[in-house]
Amino acid sequence: MFFQFRLLHFEISKIYQTLSRTKELHSLIIKTNLSEDSFYATKIVRFYAVNNDINSAYHVFDKTSSRSVYLWNSMIRAYAQAYNFDDAFSLFVKLLRTNTRPDRFTYACVIRACSEKFDLAGLRVVHGEVVVSGLGLDSICCSALVTAYSKLGLVEEAGGVFNQIPDPDLVLWNSMISGYGYSGFWDKGIQMFTAMQCLGKKPDGYTLVGLLLGLEDFSLLNIGQCIHGFSLKIGFDSNAYVGSLLMSMYSRCKCMNSAHKFFCSLFQPDLVTWSALISGYSLSGDYEKALLFFRKLNMERKKADSVLIATVLASVAQSANVGPGREIHGFVLRHGLELDVMVSSALVDMYSKCGFLHLGICIFEIMPKRNIISYNSLISGLGLHGYATHAFKMFDEMLKIGLVPDEATFSALLSACCHAGLVNDGRDIFRRMKNEFCIQARAEHYVHMVKLLGMAGELEEAYNLVQTLQEPVDKGILGALLSCCDACGNSEMAEIVAQRLFENNPENSPYKVMLSKIYAGDGRWDDVKNLRDDMTEGGRRKVPGLSWIGCSFA
DNA sequence: GTAGGGTTAG
């Protein structure tokens, strides 16, 4: 017995990453009559949770009569990690009805669950409970609160929580820096970074990740390079998270030479780093390189996971060439990934963007599980092929089964209206998006609305819609309006719009070509010449459009 | 006395 007890301690001190080892250990604990002990139950719940066997985890929790707060916390976190938020919350409520009091860790788990569920109302209630419990200044609860508010888009409230802490610890600083990173306020992140260093706090890998999260534009490449240099200096460049963020920073800034160079310097890049490189090539429009690296990954006998497959399929969809897409579909079937909802949604999107809508529909129909992304892919595919009525039908079906539409759903519906010229339906869904579903219109929605109205000859309405926007207006929206002016032959409005475009984007030659075309239509050849001279003077040229005919058949 | 937890990537 003593020997078995020692053995158990030895075994349990190691972390098991396999389900079979967890099961072995579980039966050993039952044999030694220790299964009632809260300490062992907590351990086993954790092991089952990391091996994604939530039912067995709950079974152990349920069978333990004397539950410590450790055990409750482990089970609540296990549910939340499995995205089973309803069970996580009901367990929390059940805990409140017992004699065991929730502690700072319980609240931290529940706060995190609220943010992952995008439940702002729930978050506010739990925040209130935290304050009432006297944990309003606790660093563990507050770091979770800072992250949760930032992830829900309320970075100012996150700042409010942070500012009331007299001496924040490193995790709190990191949470706030990451919060600014998600929200795109990279400059505020840098300010925090400087402030924490002045106070003698030493940054770690999380700090660097937080700083890199907000860098998404070529103009910020210098800042990214400085952070890269700093990470080399403090020896964090070999940290897997920092490495993958550096990769995705170079990729997002579309600096693929540096991205590739950095990738080659890595000893053993993980799947996240591979997919950051592949999606970087895809974002930069170099779909061939994206596919080349996917093939290289396979040649190294690494197994792509569902996120990586979805990344590559998105790249194929952009290239509109179905051949490689079929190859990857074969890969998906060979590796049993066809049941994965992310992969199958990406297949629906790829087939419809490559012109094979019927295959996209087939995949959608046989999908065992569908989520908002699957519906968005199908709605966008139907819209792209001119089947706007079907797209709206799918939208209704989606609502009927209880899915909540997101920004991408409305983008797909508005695009469907554009392709089919359904002005009234477009106006209606744009209004519903804001009023009924409380979704703030983004640039892409305005682009669709402007195109829809402008191409239907409602140029004034399109112009007035743009006038309601705050400066600086996104160049995509103004560009859409300019192309509508071109289509309608309204050179007066075209000049006003072009002026606004050039004010903020003086280098933008595609729009200059568009304006010169409008002048040419009016016979204003002097203006055409001036514009063309202006363009060629600086050696700028519009990248010529390319088209080709492929011969792959699905 | 052990154990649970807060901040990170595609």
Side-chain angles (χ1 to χ4, degrees), chain A residues 5 8-9 12-13 34 37-47 49 61 64 67-78 80-81 95 100 102-113 115 130 135 138-148 150-151 158 161-162 165 168-182 203-213 236 239-249 251-252 259 263 269-283 290 293 297 304-312 314-315 342:
Chain A
F5 188 76
L8 202 55
H9 259 267
I12 224 161
S13 64
L34 287 166
D37 187 305
S38 190
F39 167 69
Y40 294 108
T42 306
K43 278 286 185 188
I44 294 294
V45 163
R46 286 298 307 135
F47 289 164
F61 172 85
T64 313
R67 295 169 189 152
S68 66
V69 69
Y70 294 94
L71 182 59
W72 281 97
N73 293 350
S74 301
M75 196 58 230
I76 293 173
R77 184 76 193 110
Q81 268 176 331
L95 165 65
T100 310
D103 65 5
R104 56 219 305 240
F105 301 118
T106 323
Y107 286 115
C109 286
V110 178
I111 291 165
R112 185 173 167 151
S115 81
V130 165
L135 292 166
D138 177 75
S139 56
I140 288 171
C141 290
C142 286
S143 51
L145 281 168
V146 166
T147 305
S150 312
K151 287 200 170 163
V161 173
F162 179 85
I165 311 291
D169 66 7
L170 181 61
V171 177
L172 253 161
W173 280 101
N174 289 344
S175 306
M176 197 61 244
I177 291 173
S178 297
Y180 282 128
Y182 302 127
D204 64 1
Y206 286 93
T207 324
L208 297 173
V209 166
L211 289 171
L212 290 164
L213 277 170
F236 273 100
N239 173 309
Y241 279 92
V242 175
S244 69
L245 243 307
L246 283 168
M247 263 306 304
S248 81
M249 179 274 293
S251 293
R252 280 179 281 144
F263 184 80
D270 61 12
L271 281 185
V272 179
T273 313
W274 275 92
S275 75
L277 181 77
I278 292 172
S279 69
Y281 281 122
S282 180
L283 275 174
F293 276 93
L297 173 87
D305 66 0
S306 51
V307 185
L308 206 143
I309 295 288
T311 306
V312 182
S315 183
M342 197 187 297

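Order of the sequence lines sets the chain letters (A, B, ...), proteins ahead of strands, with each chain counted from 1. If you're wondering where the values come from, they're calculated on a predicted model, not measured in any experiment.
For A:Arg252, no side-chain nitrogen or oxygen approaches OP1 or OP2 of B:dA9 to under 4.0 Å. Within the 4.0 Å cut-off from OP1 or OP2 of B:dG4, not a single side-chain nitrogen or oxygen of A:Arg67 is found. For B:dG6, the OP1/OP2 oxygens have a side-chain nitrogen or oxygen of A:Arg112 closer than 4.0 Å. Under 4.0 angstrom from either OP1 or OP2 of B:dT8 there lies at least one side-chain N or O belonging to A:Lys151.
Between A:Asp103 atom CG and B:dG6 atom P there is a gap of 12 Å when expressed in whole angstrom units. Across the protein-nucleic acid pair, A:Asp270 atom CG and B:dT8 atom C1' stand 12 Å apart, rounded to whole Å. One atom, CE of A:Met247, and another, P of B:dT8, lie 21 Å apart when rounded to the nearest Å. For the pair A:Asp37 CG and B:dA3 P, the computed distance is 13 Å after rounding to whole Å. If you measure from atom CG of A:Leu212 to atom C1' of B:dT8, you get 10 Å, rounded to the nearest angstrom. At whole-Å resolution of the value, CG in A:Leu277 and P in B:dG10 are 14 Å apart. Atom CZ in A:Phe61 sits about 16 Å away from atom P in B:dG4, given to the nearest Å. Rounded to whole Å, the distance from CG on A:Leu308 to P on B:dA9 is 17 Å.
Nearest heavy-atom pair, A:Leu135 versus A:Tyr107, reported as atom, atom and distance to 0.1 Å: CD1-CD1, 3.7 Å. In terms of heavy-atom proximity, A:Cys109 sits nearest to A:Ile76 at CB-CG2, 4.3 Å. The minimum heavy-atom distance between A:Phe236 and A:Leu208, with the atom names listed, is CB-CD1, 3.6 Å. In terms of heavy atoms, A:Ile309 sits closest to A:Ala304 at CD1-CB, 4.0 Å.
Checked by distance alone, A:Ser74 brings no side-chain donor or acceptor within 3.5 Å of a matching partner on the base of B:dG4. Between the side chain of A:Tyr241 and the base of B:dT8, no donor-acceptor pair of N or O atoms lies under 3.5 Å. Between the side chain of A:Asp169 and the base of B:dG6, a donor-acceptor pair under 3.5 Å is found.
A:Ser251 comes within 4.0 angstrom of nothing in the nucleic acid, heavy atoms only. Within 4.0 Å (heavy atoms only), A:Asp305 reaches at least one base atom of the nucleic acid. No contact: A:Leu71 has no heavy atom under 4.0 Å from any strand. Among the heavy atoms of the strands, none lies under 4.0 Å from A:Thr311. Residue contacts shown for A:Val69 include a base, since a base heavy atom lies under 4.0 Å away. At a threshold of 4.0 angstrom between heavy atoms, the contacts of A:Asn239 with the nucleic acid are absent. Contact annotation for A:Ser175: backbone-only contact, meaning every heavy-atom pair under 4.0 Å involves sugar-phosphate atoms and none involves a base. A:Thr207 comes within 4.0 angstrom of no nucleic acid atom, judged by non-hydrogen atoms across all strands. Across all strands, A:Arg104 comes closer than 4.0 Å to no nucleic acid atom at all (heavy-atom distances).
The listed nucleotides are B:dG4, B:dA9, B:dT7; the one nearest the side chain of A:Leu245 is B:dA9. Side-chain proximity of A:Thr147 to B:dG6, B:dT7, B:dA9: nearest is B:dT7. Checking B:dG4, B:dT8, B:dT7 against every side-chain atom of A:Phe105, the shortest atom distance belongs to B:dG4.
The side-chain contact (heavy atoms from CB on, under 4.5 Å) check on A:Ala310 picks up A:Met342, A:Ala346, with sequence neighbours excluded. Residues forming a side-chain contact (heavy atoms from CB on, under 4.5 Å) with A:Thr207 (at least two apart in sequence, or on another chain): A:Leu170, A:Asn174, A:Ile177, A:Phe193, A:Met196, A:Pro203, A:Asp204.
Relative orientation of the A:Trp72 and A:Phe61 rings is perpendicular, given thresholds of 30° and 60° on the angle between their planes.
Once the 5.5 Å centre distance and the 30° plane angle are applied, the aromatic ring of A:Tyr70 is found stacked with the base of B:dA3.
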